[in-house]
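Inspection log for the structure reproduced underneath, given as structure tokens.
Any value given below was found using the heavy atoms of this structure, including those in side chains, with hydrogens, waters and symmetry copies removed. Start at 1 and go down the list; that is how both ligands and their atoms are numbered.
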Amino acid sequence: MKPAAILLLLCLGTTCPLFAHGPGKDSDFAGKRVLFIGVDGCRADALLAAMERGLAPQLKMLCESEHGLFTRKFYAGGELNTPTHQPTVSGPGWSSLLTGVWMDRHGVKNNRFIGGRFQSYSHFMRHIKEVQPQAFCASFADWPPIHDFIADGSRIKDAEFLNVKFTSTPDATRHFVDNPEKDIEVRDAALKTLRESNPDVMFVYFGQVDEYGHGEVDSRANFSPDSTLYLNAISHVDSHIGELLRAMRARLKFTDENWLILITTDHGGQGNKHGGDSDVERKIWLAAHGASLPREKLLNEETPQTALVPLIYRHLGIQPKPEWNPAPPPAENLEQPAK
Ligand SMILES: [Zn+2]
């Protein structure tokens with residue numbers, strides 16, 4: 001066997017630099033890339049209060065820059081009085097954000113993920129790999145179900161579609177007091193990928209804002225613009241976002257690259273809880289940046305959280321296949337969402 005052939009064999013199934021695409025425009029999507037950041041349980045009016053008080057300068061700057069936008073016309077929880085109606089909790093919420101469909105399709109009713117149908121309604125990165133096998137997809141999270149259920153549940157015959165899958169697990173027995181530290185681990189792993197690799201698509205999830213809202217990290221905090229501790233958690237995540245944006249802009253060929261940045265949450269909350277249909281739970285926000293965004297539409301029209309995945313496909317120039325979104329199973333087989 002010739003050395004070149006041996007090298008080729010060694011490279012199959014790995015992220016061999018010979019086959020990995022490069023920085024700048026030298027990628028499978030001609031330099032188009034996506035940075036999708038998830039801030040769990042971040043209530044819209046609290047984020048706005050944080051921005052107004054100078055506690056979220058990075059998000060504020062991004063939204064106010066050219067091609068940036070911030071909208072509160074974004075919603076979670078499905079369509080009321082239809083089979084898509086779902087509780088405003090993380091299981092159904094992140095399932096919708098990462099698959100682009102509501103509960104009548106993805107089947108996730110709560111945080112136990114029983115009945116999830118990710119083989120039929122898959123994580124969007126699996127579809128990206130399907131049309132572009134060389135694409136570099138990376139996911140970073142400190143809420144393990146994001147990877148254990150949504151990503152792994154979407155794999156075909158256990159074939160991994162994530163080039164990087166970084167999970168940091170907070171200690172539930174310690175009431176998630178370590179969640180802020182886990183967010184730092186998530187940030188650092190994502191920074192490493194931005195600096196050392198050429199990701200086409202990244203998802204970065206931060207959990208501390210939700211855990212503060214639940215009063216887990218500190219029992220005095222709650223989901224409210226009046227909770228200083230909750231706003232401080234938003235501020236911490238804002239600084240992590242700032243570091244990610246700095247690393248992105250510091251990329252060698254950043255000026256050739258065309259990044260779509262999407263930052264959102266899965267639900268709001270009130271008191272120390274969420275899951276219901278109140279405005280402060282359902283009405284969320286989207287912070288975004290990118291020349292390909294349908295700006296007027298996002299600023300003026302009520303937009304469901306299922307709309308993000310199509311925006312990502314559109315940016316990358318991917319035509320979604322009909323089989324990625326089959327008709328939902330008969331509604332009578334669905335249980336009513338848990339309240
Ligand atoms: Zn929560």
Side-chain angles (χ1 to χ4, degrees), residues 36-47 49-50 74-78 85-99 102-103 106 108-114 116 140-150 167-183 186 203-238 240 263-286 305 308 337-339:
F36 179 0
I37 300 175
V39 186
D40 201 300
C42 183
R43 187 168 141 164
D45 55 357
L47 174 56
F74 203 55
Y75 62 94
H85 179 205
Q86 64 188 33
T88 50
V89 295
S90 291
W94 291 113
S95 296
S96 290
L97 284 160
L98 294 168
T99 65
W102 296 121
M103 192 187 80
H106 64 55
V108 177
K109 296 182 274 292
N110 51 43
N111 288 350
R112 286 178 295 135
F113 286 85
I114 295 162
F140 309 82
D142 52 15
W143 194 50
I146 297 277
H147 293 150
D148 296 349
F149 294 105
I150 306 177
T167 315
S168 181
T169 310
D171 190 341
T173 63
R174 294 178 60 217
H175 299 279
F176 301 94
V177 288
D178 56 344
N179 211 290
E181 293 159 41
K182 299 295 161 183
D183 278 358
V186 163
F203 175 65
V204 187
Y205 167 102
F206 296 113
Q208 69 181 287
V209 174
D210 186 68
E211 293 305 337
Y212 268 95
H214 285 293
E216 291 284 352
V217 185
D218 188 313
S219 61
R220 295 166 297 173
N222 58 59
F223 292 99
S224 164
D226 302 322
S227 172
T228 308
L229 289 160
Y230 185 64
L231 296 195
N232 279 344
I234 294 174
S235 191
H236 284 145
V237 171
D238 180 77
H240 296 340
I263 310 173
T264 190
T265 187
D266 52 340
H267 55 73
Q270 56 183 333
N272 289 124
K273 292 197 177 81
H274 55 83
D277 298 327
S278 68
D279 280 357
V280 291
E281 290 161 296
R282 282 177 60 87
K283 297 201 170 177
I284 52 173
W285 52 272
L286 171 70
Q305 64 185 167
L308 282 201
K339 284 281 160 67

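- Relative ring orientation between Trp94 and Phe36 is described as tilted, the plane-to-plane angle lying within the 30° to 60° band.
- Aromatic pair Tyr230/Tyr212: centroids not less than 6.0 angstrom apart.
- Taking the six-membered ring wherever Trp is involved, the centroid distance between the rings of His214 and His274 falls below 6.0 Å.
- Below 30°, between 30° and 60°, or above 60°: for Phe149 and Phe113 the angle between ring planes is below 30°, a parallel geometry.
- Among residues two or more places apart in sequence or in another chain, the side-chain contact (heavy atoms from CB on, under 4.5 Å) test is passed with Asp171 by Thr173, Arg174, Asp178.
- The neighbour count for Lys182 NZ, taken as heavy atoms of other residues, nucleotides or ligands under 6.0 Å away, is above 12.
- For the Zn ion (ligand 1), protein N, O or S atoms closer than 2.8 Å were enumerated as Asp210 OD1, Asp210 OD2, His214 NE2, His274 NE2, with waters left out.
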